[in-house]
Amino acid sequence: MEWPAITAGWSYLYKGNFQRRFHKLTRAQVEATEGRREALVTLVQAGYGVPAEKAEAQVADWQSRQRVLRMLIDQPW
């Protein structure tokens with residue numbers, strides 16, 4: 001999935017999924033990123049004590065597992 005789709009649905013669809021995957025991060029930390037990919041990578045790097053490359057790979061893996069719920073993104077309730 002492309003990152004713009006994740007950004008569009010961040011608040012409703014993806015923020016919770018991200019926090020469940022990276023459970024060491026607090027809700028406030030995840031919310032503060034506002035879905036910005038670079039900020040999420042930095043947060044994973046700091047929160048898990050891993051090198052930037054590994055944090056990038058983990059975020060990329062999470063991203064690849066997300067599915068577009070087009071109806072909710074295109075026409076929010």
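Being a predicted model, the structure only gives us computed values, none of them experimental. Both backbone and side-chain heavy atoms feed into the values below; hydrogens, waters and symmetry mates do not.
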*Summary of side-chain hydrogen bond (donor to acceptor under 3.5 Å, both in side chains) pairs that have at least one residue in residues 44-59, sequence neighbours excluded*: Arg37-Glu56

*Counterpart residues, salt bridge (Lys or Arg N to Asp or Glu O under 4.0 Å), relative to Glu31 (two or more places apart)*: Lys15, Arg27

*Is there a donor-acceptor pair under 3.5 Å between the side chain of Gln19 and the backbone N or O of Val30?*
no

*State which residues pass side chain to side chain donor-acceptor pair (under 3.5 Å) with Thr26; sequence neighbours excluded, sorted by chain then number.*
Gln29

*With Ala39, which residues qualify under side-chain contact (heavy atoms from CB on, under 4.5 Å), at least two apart?*
Thr33, Arg36

*Quick one: list whatever passes side chain to side chain donor-acceptor pair (under 3.5 Å) with Thr7, sequence neighbours left out.*
Trp3

*Kindly state each residue pair satisfying salt bridge (Lys or Arg N to Asp or Glu O under 4.0 Å) with at least one member in residues 41-52, sequence neighbours excluded.*
none

*Mind checking what makes salt bridge (Lys or Arg N to Asp or Glu O under 4.0 Å) contact with Arg65, not counting sequence neighbours?*
Asp61

*Show the numbers, then the answer: is there a side-chain contact (heavy atoms from CB on, under 4.5 Å) between Asn17 and Gln66?*
CA-CA 9 Å; Asn17 288 345; Gln66 303 311 299; 3.2 Å; yes

*Mind listing the closest non-hydrogen atom pair of Val44 and Val50 along with its distance?*
O-CG2, 4.1 Å

*Mind checking the CZ-OH spacing from Phe18 to Tyr14? Nearest 0.5 Å is all I need.*
14.0 Å

